[in-house]
Peer 1: 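The following block contains the structure, expressed as structure tokens.
Scope of the values below: all heavy atoms of this structure, side chains included, with no hydrogens, waters or symmetry mates.
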Amino acid sequence: MAEEAAVRRYDPRAVEAKWQERWEATDAFAARAAAGTPAYYVLEMFPYPSGRIHMGHVRNYTIGDVIARQHRMRGERVLHPIGWDAFGLPAENAAIQHGAHPARWTRDNIAYMRRQLRRLGFSYDWQREIATCDPTYYRWEQVFFLRMLERGLAYRRRSLVNWCPRCGTVLANEQVVDGRCWRCDGVVEERDLEQWFLRITAYAEELLRDLDRLTGWPERVVMMQRNWIGRSEGAEIRFPLEGGDGAVTVFTTRPDTLFGVTFMSLAVEHPLVERLAAGRSSEAAVRAFVARTRKTPRAERALGKEGVFTGAYCTHPFTGARVPIWVANFVLMEYGTGAVMAVPAHDQRDFDFARTYGLPATVVVQPEGEALDPATMPGAWEGPGRLVGSGEFTGLSSEEAKRRITAALAARGRGGACVSYRLRDWGISRQRYWGAPIPVVYCDRDGVVPVPERELPVVLPEDVAFTGTGGSPLAAHTAFVHVRCPRCGGAARRETDTMDTFVESSWYFARYCSPRSEATPFEPAEAAYWLHGGVDRYIGGIEHAVLHLLYARFFTKVLRDLGYLPLDEPFRNLLTQGMVIKDGAKMSKSKGNVVDPDYLIERYGADTARLFCLFAAPPEKDLEWSDQGVEGMSRFLGRVWRLVHLLAPRLAPAGVPLADGAADRDLHRLVHGTIARVTDDVVERLHFNTAIAAIMELVGGLAAAAEAASGAALREAVDTLLRLLAPFVPHVASELWEVTGHTEAIEAAGWPAADAGALARETIELPVQVNGRVRGRIVVATDADEAAVLAAALADAHVRSHLGGRPLRRQLVVPGRLVSLVV
RNA sequence: GCGAAAGUGGCGGAAUUGGCAGACGCGCAGGAUUCAGGAUCCUGUGGGCUAAUCACCCGUGGGGGUUCAAGUCCCCCCUUUCGCACCA
């Protein structure tokens, strides 16, 4: 085409730089509250400043940006902030290995990544940027900690932690993968340390109950949290020790099997073990077993059930029978009471253990239509049935027996109903430098003393030495460690552990409402406006399904109870985006299959990168990387660029009426059909791939109709096309908006509304089925009645030949859909 | 083992409430333009049968069922991915 030579070439670099500068200069995406105007808060999980962004970030933030931009165009006030989850171990490792101070390393990384995010054109309110390593941020975290300490929600206790000898540090549970360190792959050991805990278990019931309210969350995530909290209803039962001194208390979900108990199993860490074995012939064997088991990593313990008899007995609460007490490697001290009543006939673990050690089994639950025999059973019967050999409870169903036995235990003072959770309190102490200091000191006289609030923040000192050996550098910083006791003024020692970085990410979403506020963490008016019932849309990876998303829910409830936030749940709607896959595996440095976003922006531009991430798959599914797919998106934008330039001189001014005639009417209909589809896809379904497909069809239709359509119809079509494109590819849409004569920013143009009238058609084509197969198509008036449609169907020659003159057994007209004939 | 999600052309994917399977893109093929390549534009593209882009048959992991009509609903099975994993 001769005209094409005149069209300016599409140069993404120049276009994108131009608009990014303009957005920055005008602070275009500042979130400003406006009473009476709807607020919309869209948030993507903030990044760890690792050095460079990866394609997963690009995908995550592009999804959020489309939503933010679309809501802005709908006239809502949008809060779309960004920040940095800036504390963490990699910064400290960089210091040890390369000598760069964690603060410096982190700041440099943030600077580089911030530039990358700007180059992608994300519409953040940069005035609200936060970094969690900033004392003005973690200061509030220290305040929260003190408040939790006052309420007993933070407490100190000795416990077993994961220790990686090769890294010389404690690891969080989530950093232990199959018993090995996630970074060096070394075998993780257990260590007994004093640790700070947050009492998340106090909120177990509410955290579980409120899952039902999270209707905007993926069912999968709700399920994972439900399993993680792991609520079990059952009974606590006390078995008095023989000799009259105390009892073994167990938790069981199967009180109905109580009469089938043939022994007890205690965890090796159980406090009774030592006392029970003391002075007996079994003492040496028990000690050896306990010592050996405690040295064995959890993962290896699971390989076989082992145990040893303590020599001691307890007494059955109903029968008075002697029950031997064993120590077993598979019993967990952290769950229930650390002691299990063993019922080999009705629990597979007990069955296996009993087989190994020749212990007896007693059947007390008989399944319908079967007679179990302990001698011949291939395994335990764990299902329901009717009770046998269970005294006064014999004959009851297992469900009924659970209730009655629990009640009888309570009446005798031998136990009662009990609820147990799998959820454990959250250990937040980290023997690491690069984290928020825990604001307490230890005084020989006064014990644990909180740092007075007026002295906060306890600032993390920067003048420390990184040797990589001998524990946290903080412990060697004498000015930091040696302090006066705030209570007695005597010599005291400061806590040198820092907080788990998951603490910072548990409340950052709320800080964005008033990130510079110094008087209070959350200004009530701002929080009320933006957080009306939670973040409207939260977007991030499924890997946080339990940890971060559970901690943030917990923190929100605590902050509510402390009077800081009027909020029960942090995230109203959650979108978990899939991974970015290449050559069949998740993109990762170790697999060598990463695509560098910088390269992509350099070669194709940010708009192409964004468009590809959105088009290749719906957001919740994994995205398969395709170099050719990227080319395709680049081609599409080039086509739009040329088409709009070509049509620009022909566009009528706004307000000129459409011409009569099919050309304008058809284009008008296509335009409004596209608006309806794209709006539904973006707002309701969040399926950007089909939204983009619809826009592509509009581009195709527009190109085909261009010659016959009037300047007015072209104006409507081109303006609409650009507005629909704006959230996805904001730079090129902005540029073309200018090219087509607009002086106002495209963001101000608003989101187009579909005109239902434009979609109306005079005629409609319907398929006609004969015996369930399509045998013809008829064109009828849209408002034709059933008889007219049927007559048209029966008049179709091809349909008639398939009917073969046979009488109709059934005829069906589904209005607007099809005609179905049966012979 | 328990729990969940998924399985559709050569590939990514679409089909929103049971109503024309394969939208859109990639790839491929043919053509136009071009010295050539690239770029761009046009046409075709599930399989079979066929001279045919007529018609007909088959087709959404496999097998059965419900229905005028099933990718979609029901039952059984297979495969893959993810999560939890001795939780008493």
Side-chain angles (χ1 to χ4, degrees), chain A residues 1 4 9 178 218-224 226-228 230-232 234 250-254 257 265 267 298-299 301-305 328-332 334-343 346-350 352-353 382 420-424 542-543 545-546 578-579 581 611-612 615-618 620-633 635-636 638-639 642 677 680-681 684-685 687 689-697 699-700 703 765-775 777 798 801-802 808-812 814 816-823:
Chain A
M1 270 189 260
E4 264 197 88
R9 232 182 62 89
D178 292 331
E219 188 54 35
R220 180 156 76 119
V221 176
V222 170
M223 195 77 77
M224 283 165 76
R226 189 168 284 137
N227 292 341
W228 187 269
R231 183 182 196 274
S232 291
V250 302
F251 171 76
T252 178
T253 55
R254 294 296 304 274
T257 63
S265 302
R298 261 285 135 67
R301 283 196 218 173
L303 297 178
K305 288 183 179 48
N329 65 347
F330 65 92
V331 179
L332 305 170
E334 309 87 69
Y335 184 77
T337 62
V340 181
M341 66 177 212
V343 185
H346 303 295
D347 183 286
Q348 190 58 43
R349 292 157 303 183
D350 298 338
D352 295 340
F353 192 86
E382 298 185 335
S420 197
Y421 297 92
R422 183 181 307 205
L423 183 70
R424 316 276 155 70
I542 186 76
E543 67 272 17
V546 169
M579 292 184 298
I581 304 284
L611 200 60
F612 174 75
F615 183 69
E620 70 277 7
K621 289 177 77 174
D622 286 351
L623 184 156
E624 178 84 31
W625 188 263
S626 159
D627 291 331
Q628 287 159 334
V630 176
E631 292 277 354
M633 295 305 102
R635 268 205 295 270
F636 169 70
R639 195 173 306 141
R642 285 188 302 275
R677 283 173 67 187
D680 185 48
D681 281 348
E684 302 300 330
R685 306 196 321 138
H687 276 198
N689 54 335
T690 50
I692 293 164
I695 296 173
M696 286 171 167
E697 287 183 65
V699 171
E765 192 189 74
L766 295 179
V768 181
Q769 296 185 344
V770 177
N771 289 347
R773 291 164 184 274
V774 177
R775 297 299 188 185
R777 310 174 168 280
H798 198 225
S801 81
H802 278 275
L808 281 183
R809 254 184 36 212
R810 193 160 174 187
Q811 63 235 30
L812 226 99
V814 184
R817 290 286 190 186
L818 51 55
V819 180
S820 184
L821 306 172
V822 186
V823 292

Peer 1: With rounding to the nearest 0.5 Å, note down the distance linking NZ in K621(A) to NE2 in H687(A).
Peer 2: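 Reported value, rounded in 0.5 Å steps: 8.5 Å.
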Peer 1: In whole Å, what separates the P atom of C73(B) from that of A4(B)?
Peer 2: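 Rounded to whole Å, the distance is 16 Å.
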Peer 1: K621(A) has a side chain; which of A55(B), A88(B), G13(B) sits nearest to it?
Peer 2: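 Nucleotide nearest to K621(A)'s side chain: G13(B).
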Peer 1: Working to the nearest 0.5 angstrom, can you tell me the gap between L766(A) CG and L818(A) CG?
Peer 2: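 That separation rounds to 7.5 Å.
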Peer 1: When the C1' atoms of A39(B) and G71(B) are considered, how many whole Å apart are they?
Peer 2: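 So the two C1' atoms sit 39 Å from each other.
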Peer 1: Using the P atom as the point on both nucleotides, what is the distance between C41(B) and C26(B), in whole Å?
Peer 2: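 The same atom, P, in both gives a distance of 10 Å.
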Peer 1: Could you tell me the separation between the CD atom of Q348(A) and the P atom of C86(B), rounded to a whole number of Å?
Peer 2: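 These atoms are roughly 15 Å apart.
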Peer 1: May I ask you to check whether over 12 heavy atoms, not counting those of R220(A), lie within 6.0 Å of atom CZ?
Peer 2: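 Count not over threshold, so no.
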Peer 1: For the pair made of CG in D627(A) and C1' in C11(B), what is the distance, rounded to whole Å?
Peer 2: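 Checked: the CG to C1' distance equals 14 Å.
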Peer 1: Across nucleotides 15-27 of chain B, 5' to 3', mark each nucleotide with B, S or - according to how protein heavy atoms within less than 4.0 Å reach it.
Peer 2: SB--BB--BBSSS
Peer 1: If the C1' atom of U72(B) is compared with that of G18(B), how far apart are they to the nearest Å?
Peer 2: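 Nearest-Å result for U72(B) against G18(B) at atom C1': 7 Å.
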Peer 1: How does RNA chain B look in dot-bracket notation if pairs are Watson-Crick or G-U with both distances under 3.5 Å, crossing ones as [ ], other-strand ones as |?
Peer 2: (((((((..(((......[....)))((((((.......))))))(((.......)))..(((((..]....))))))))))))....
Peer 1: Assign each of L821(A) and R254(A) to its nearest nucleotide of RNA chain B by heavy atoms, then name whichever residue's nucleotide is nearer the 5' end.
Peer 2: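 Counting from the 5' end, the first nearest nucleotide belongs to L821(A).
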Peer 1: Using atom C1' of each nucleotide, how far apart are G44(B) and A36(B) to the nearest Å?
Peer 2: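 So the two C1' atoms sit 26 Å from each other.
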Peer 1: Are E382(A) and R254(A) close enough for a salt bridge, meaning some N to O gap below 4.0 Å?
Peer 2: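 Not counted as a salt bridge, because no side-chain N and carboxylate O are separated by less than 4.0 Å.
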Peer 1: Which whole number of Å gives the distance between the C1' atom of C20(B) and that of C68(B)?
Peer 2: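 Per the computed distance, 15 Å lies between those C1' atoms.
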Peer 1: Using the P atom on both, measure G47(B) against C82(B) and round to a whole Å.
Peer 2: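 Here G47(B) and C82(B) have their P atoms 33 Å from each other.
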Peer 1: Report the distance from atom CE of M579(A) to atom CG of D622(A), rounding to the nearest 0.5 Å.
Peer 2: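 If we round to the nearest 0.5 Å, M579(A):CE and D622(A):CG are 4.5 Å apart.
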Peer 1: Hey, does the side chain of D681(A) reach the backbone of N689(A) with a donor-acceptor pair shorter than 3.5 angstrom?
Peer 2: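 No; judged by distance alone, with no hydrogens or angles, the pair does not exist.
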Peer 1: Would you say a side-chain N or O of H802(A) is under 4.0 Å from OP1 or OP2 of C56(B)?
Peer 2: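 Checking H802(A) against C56(B): at least one side-chain N or O falls below 4.0 Å of OP1 or OP2.
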Peer 1: Using side chain to side chain contact (heavy atoms under 4.5 Å, CB included), reason through V774(A) and V768(A) one step at a time and then give a plain yes or no.
Peer 2: CA-CA 6 Å; V774(A) 177; V768(A) 181; over 6 Å; no
Peer 1: With a sphere of 6.0 Å drawn around CZ of R685(A), does it hold more than 12 non-hydrogen atoms of other residues, nucleotides or ligands?
Peer 2: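 Correct, the count exceeds 12.
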Peer 1: Calculate, to the nearest 0.5 Å, the distance between atoms CG and CZ belonging to L821(A) and R810(A) respectively.
Peer 2: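 Going from the CG atom of L821(A) to the CZ atom of R810(A) covers 11.5 Å.
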Peer 1: What is the glycosidic conformation of G62(B): syn, defined as within 90° of 0, or anti?
Peer 2: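 Anti, which is what one calls it when the glycosidic angle falls more than 90° from 0.
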Peer 1: Take the protein atom CG of D350(A) and the nucleotide atom P of A88(B), then report the distance between them rounded to whole Å.
Peer 2: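 It is 12 Å, rounded to the nearest whole Å.
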Peer 1: Of A616(A) and G304(A), whose closest RNA chain B nucleotide lies nearer the 5' terminus?
Peer 2: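 It is A616(A) whose nearest nucleotide is closer to the 5' end.
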Peer 1: Describe the nucleic acid contact of S232(A) in one word from base, sugar-phosphate, nothing, applying a heavy-atom distance below 4.0 Å.
Peer 2: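 The answer is sugar-phosphate, as S232(A) gets under 4.0 Å only of primed atoms, P, OP1 or OP2.
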Peer 1: What integer distance in Å separates L623(A):CG from C11(B):P?
Peer 2: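 In whole Å, C11(B) P lies 17 Å from L623(A) CG.
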Peer 1: Looking at OG of S232(A) and OH of Y421(A), how far apart are the two atoms once the value is rounded to the nearest 0.5 Å?
Peer 2: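 Going from the OG atom of S232(A) to the OH atom of Y421(A) covers 10.0 Å.
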Peer 1: Report yes or no: is the cationic atom of K305(A) (NZ for Lys, CZ for Arg) closer than 6.0 Å to the six-membered ring centre of F353(A), at no more than 45° off its axis?
Peer 2: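 Cation-pi check for K305(A) and F353(A): fails.
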Peer 1: Could you tell me the separation between the CZ atom of R9(A) and the P atom of G38(B), rounded to a whole number of Å?
Peer 2: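 Those two atoms, CZ and P, are 17 Å apart.
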Peer 1: Does R642(A) put a side-chain nitrogen or oxygen below 4.0 Å from OP1 or OP2 of C41(B)?
Peer 2: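 R642(A) to C41(B) OP1/OP2: side-chain N or O found under 4.0 Å.
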Peer 1: Take D350(A) and F330(A) through the test side chain to side chain contact (heavy atoms under 4.5 Å, CB included) and record every step on the way to the result.
Peer 2: CA-CA 10 Å; D350(A) 298 338; F330(A) 65 92; 4.1 Å; yes
Peer 1: In whole angstrom, give the distance that lies between atom CD of E334(A) and atom P of A88(B).
Peer 2: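 Distance check: E334(A) CD to A88(B) P gives 14 Å.
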Peer 1: Can you name the atoms? Protein N/O to nucleotides 82-85 of chain B N/O, anything below 3.5 Å, with the distance.
Peer 2:
unit_1: C84(B); atom_1: O2'; unit_2: R422(A); atom_2: NH1; d: 3.4

Peer 1: With P as the reference atom in both, quote the distance from G9(B) to G22(B) in angstrom, rounded to an integer.
Peer 2: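 My reading of the P atoms in G9(B) and G22(B) gives 14 Å.
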Peer 1: For Y335(A) and T337(A), run side chain to side chain contact (heavy atoms under 4.5 Å, CB included): C-alpha distance rounded to whole Å, both residues' side-chain angles, the deciding distance at 0.1 Å, then the answer.
Peer 2: CA-CA 6 Å; Y335(A) 184 77; T337(A) 62; over 6 Å; no
Peer 1: Give one of base, sugar-phosphate or nothing for H346(A), where a contact means two heavy atoms less than 4.0 Å apart.
Peer 2: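 Touches nothing.
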